[in-house]
Amino acid sequence: MSNYLKTVDGDWFDRRLAGAMFWILAAFILLTGRLFYLQMIEGKELRRLSQYNCIRIQSVASSRGLIFDRNGQLLVDNRPSFDLNIILKDAKPVDQTLAKLAGYTGFPLAEFKKNIKNIKRAPGYKATLLKSDIGRNMLAIVEAHKYDLPGVDVSVVPLRNYIHPQNASHLLGYLGQINPDELKRYAHAGYKSGDYLGKFGVEKTYENFLRGKRGGRQVEVNATGQVIRVLETVEPQAGSNLYLTIDQNLQELAEDLLKDKAGAVVAMDPGTGEVLVMASSPSFDQNEFVSGLSHEKWNSLISNPLRPMANKAIQAEYPPASTYKIVTAMAGLMEGVIDENTTFYCPGFFKFGDRIFRCWKKAGHGKMNVVQALTESCDVFFYHVGEELGVDKLAKYAKACGLGSPTGIDLANESKGLIPTKAWKKSRVGEKWYKGETLSIAIGQGYNLTTPLQMLALTAAVGNMGIRYKPIIIQKAVSAEGEIIFQQKPVQLGKLPVSREILEIIRQGLWAVVNSKKGTARRSRIVGIDMSGKTGTAQVVRRGKNGSDDDEIAEHHKDHAWFVAYAPSENPKIAVTVIVEHGEHGSSTAAPIAKRLIETFLSKGTESDV
Amino acid sequence: MFDRRLAQCFDWGLLGLTFAISAIGLVALYSAVNAGTLTPQKILFSKQLIWFGIGLVVMVFTFLLSYKSFERWAHVFYAGGIAMLFAVSFYGKIIGGSKRWLVFGPLSIQPSEIIKIAVVIILARYYSKIVNPQGLSFRDLLVPFIITMIPFVLIVKQPDLGTAMVVVLISASITIFVKIERRTFSYIMLVCTLGIPLVWFILKGYQKQRILTFLNPERDPLGAGYHIIQSKIAVGSGMLQGKGFLKGTQNALSFLPEQHTDFIFSVLSEEWGLMGSLTTLLIFIMIIAWGFNIARCCRDPFGTLLAIGITFMIAWQVFINIGMVMGLMPVVGVPLPFISYGGSSVISMMICIGILLNISMRRFE
């Protein structure tokens, strides 16, 4: 070996190499020893275990968290489902076993065979579902004949149970079997094919709180698949329980009031943003989704023109109509276009160029200031305000009030609505803005679109003197051991773009809508409780010059009825938004629903508001 | 450039061993992807053949140019490797919850496989200038420490704890081989013994759980623990002669999730028994000894240390993978060189052999 390194000689180097080789040989001797031990000493036993794949994993599903309302009333729980399974490799001869099983249980043999055919290519030691939810009686029959039914096994699987079917379906959501796409995305989180997961609503949003953690047993089985030894057990961890912000009694009342109508009711606590009611009508039965919806049922749900699968409170977009006058008034007062004493004369119409814009009251309102205009919902007054403001200033205020963007509620697929501007029209419609269009916008018609939840959040903020809260739907998540693992706190999004004084003027108007003699919602005032609100009637189709008198309007061309409200007028405890599709007038269809809810909530508020 | 002398000195023995171990690997892979019931896997065998083809071409390129030029380019290789690891953390493809792959059209590569070689080259360059019989001082170790920690942290974040550990093990073995000053060595040991409990104290509960399960898979009887049991059953059931080609039952039932990649040795052992397994181990040990001999015959310090580093890299992966399959080691995603399915692994191993051939054929220069 030559001395090629400056300071290191060959011998030194050889010694280090020999040392390294020594350690590597030692490591390989260890591997060889292990091989010898496994294959020669343990070999016979391990080969026996390998024959029928004797060591198997039996999965034990975790119990999904329960869902309660704000007062601890149970809304969603789980019930046991007894599922009939077969392990094909253990069940030989399969045909004979199936025939016997059909004989004992009375279930059609053809159905079993069909289920097996579907999975013919899967590994034979995996349990295959023959029939789910067979009931306790059948369980007893199968267990009694187990000796005669090799490879047949009944597993107990918790099944989701919605205690009040059709109730708060859109908010609670439902579970469904994991689909191949979701499986790909979530496989690393421990999901397996056949698992259920939240597909919609709270069940989807709070999946991670609710699902818990699967457990299982490592078992040794004999040649017919009977467990002869349990090697290891991992207990499943139950999911956390959720406490929602909704008040079940109020929710039920809201659903009742919406019966046979299409529309939505949402209510929240103006001081926290907690959603007290979220009802969307028509509704659907979530339990049907759990046990697997038939194709016909699904098709009938999605093709229903009343859109039962949509959560109208957050997904449906409607022109805000006269409820939008709150924003127009705010913008007009803040921009100095009007003050509280400014009056306009309403002759029942407004002339703009050669066009006539009508007030809803043909005879006209006469001289109006802003409070009166809100009270009587005078369109002409707001045409004047809108004309002077221009569309972009109006949009600025609408957006600062939270319109035109999602409220951020923790539910999927929330719509953002639409607040038009000149730039928007140019880029989307490709036309320039016509000044006349601003007039429609000022009274909440035209391109304007809002969701009921957006209008609720705005109303609540007016009620609480200007603080915009994010609508929240859960109070807390509590682990199965009783530990609070998540506590939802109110989230302030910002303030309404308005000063205290100006807000007071608007609140005065909203109070008068319900409580003054000429208020549009006077019929819905509540004795003993001060309620403030605003009605709205959203046009579905543009009316002709004499259109409003036409009695022969088709049902689906009738206007949508809005009502937004909060009560008590000072320090409100509840804000409500109601929309009834094709309900015509806010004052006649929507306001009475809000009235009933507020009445009920405030009269027993002391009990339920804990 | 490629004169007759180089051709005469070509190391046919190492190439022969490489072909032998690759052939064993292909047989095992054929069995792993064909015995199962899942048809889409069958294509993996042809893909692996293509990878070996590409690997051979890359290997030829690796030994055509003298390894001495690698010394000059060491920084570039390293920087390139680190850049790719960064790219993975931004644009990497997520498979099974971890970001390990960079996708270029039909190809997806694992930069963590490439960086191992780059670390070996740059460390060989660094140590070749300061190696001395007294050993390295604390100050000498600072640069290698940084060189190792950058890829370590990036790979841990993917997360791929196994490969990250391999990077550390490779650079630690080279460093210890070069020799650390006795006093420095004892200091390092002291810091480690004191530091580990401290780090343990800082870790959060779930992180501790993860490390404990990593070290002892039996804590997770439904996941890693179950795989280890199945793997041990597969290995043991092979007994002396094995069950025969395509006759493995564990294999046929697809109970091992990574039977064609990380757990392929269990397929080999089940079907070819102790005889097949020992033959495989023997070829591996011959390759390792061959690598050390190349280091011994090389005349310049860079080449020597490079050969040693590459050999350590192969040795560690063989030891960790086979140890894991037999339940001696944590379950980590370390492929078995030349045998596990996977393009990045095959190509990085072919590069390793190319480097060893390169050093070997230029031993008289």
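Numbered from 1 within each chain, the chains take letters A, B, ... in sequence-line order. Not measured: the values here are computed from a predicted model.
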Distance (rounded to the nearest 0.5 Å) between Met286(B) CE and Ile21(B) CD1:
10.5 Å
Is the side chain of Gln39(A) donor-acceptor paired with the backbone N or O of Val235(B) at a distance under 3.5 Å, no angle test?
yes
Do the ring planes of His227(B) and Phe263(B) sit parallel (below 30°), tilted (30 to 60°) or perpendicular (above 60°)?
perpendicular
The reported gap from OG in Ser266(B) to CD in Glu271(B) (rounded to nearest 0.5 angstrom) is 9.5 Å
Between Ser269(B) and chain A, with a heavy-atom cut-off of 4.5 Å, which part of the residue counts as in contact: side chain, backbone, both or neither?
both
Between Glu232(A), Met40(A), Met21(A), Glu42(A), which has the largest tally of heavy atom pairs under 4.5 Å with chain B?
Met21(A)
Is Tyr37(A) close to chain B through its backbone or its side chain, or both, or neither, when contacts mean heavy atoms under 4.5 Å?
neither
If every non-hydrogen atom of Leu356(B) is compared with every non-hydrogen atom of Ile294(B), which pair is closest and at what distance?
O-CD1, 3.7 Å
For a side-chain hydrogen bond (donor to acceptor under 3.5 Å, both in side chains) check, start with the C-alpha distance between Asp153(A) and Ser155(A), then their side-chain angles and the critical distance, and finish with the verdict.
CA-CA 6 Å; Asp153(A) 183 47; Ser155(A) 60; 5.5 Å; no
Can you confirm whether Asn179(A) sits close enough to Lys199(A) that some side-chain heavy atom of one is under 4.5 Å from a side-chain heavy atom of the other?
yes
Flag, side chain of Tyr226(B) to backbone of Ile55(A), donor-acceptor distance under 3.5 Å:
yes
Sub-4.5 Å heavy-atom contacts with chain B: which residues of residues 212-220 of chain A show up?
Gly215(A), Gly216(A), Arg217(A), Gln218(A)
Of the listed residues (Leu30(A), Ile24(A), Leu31(A)), which shares the most heavy-atom pairs with chain B below a 4.5 Å separation?
Leu31(A)
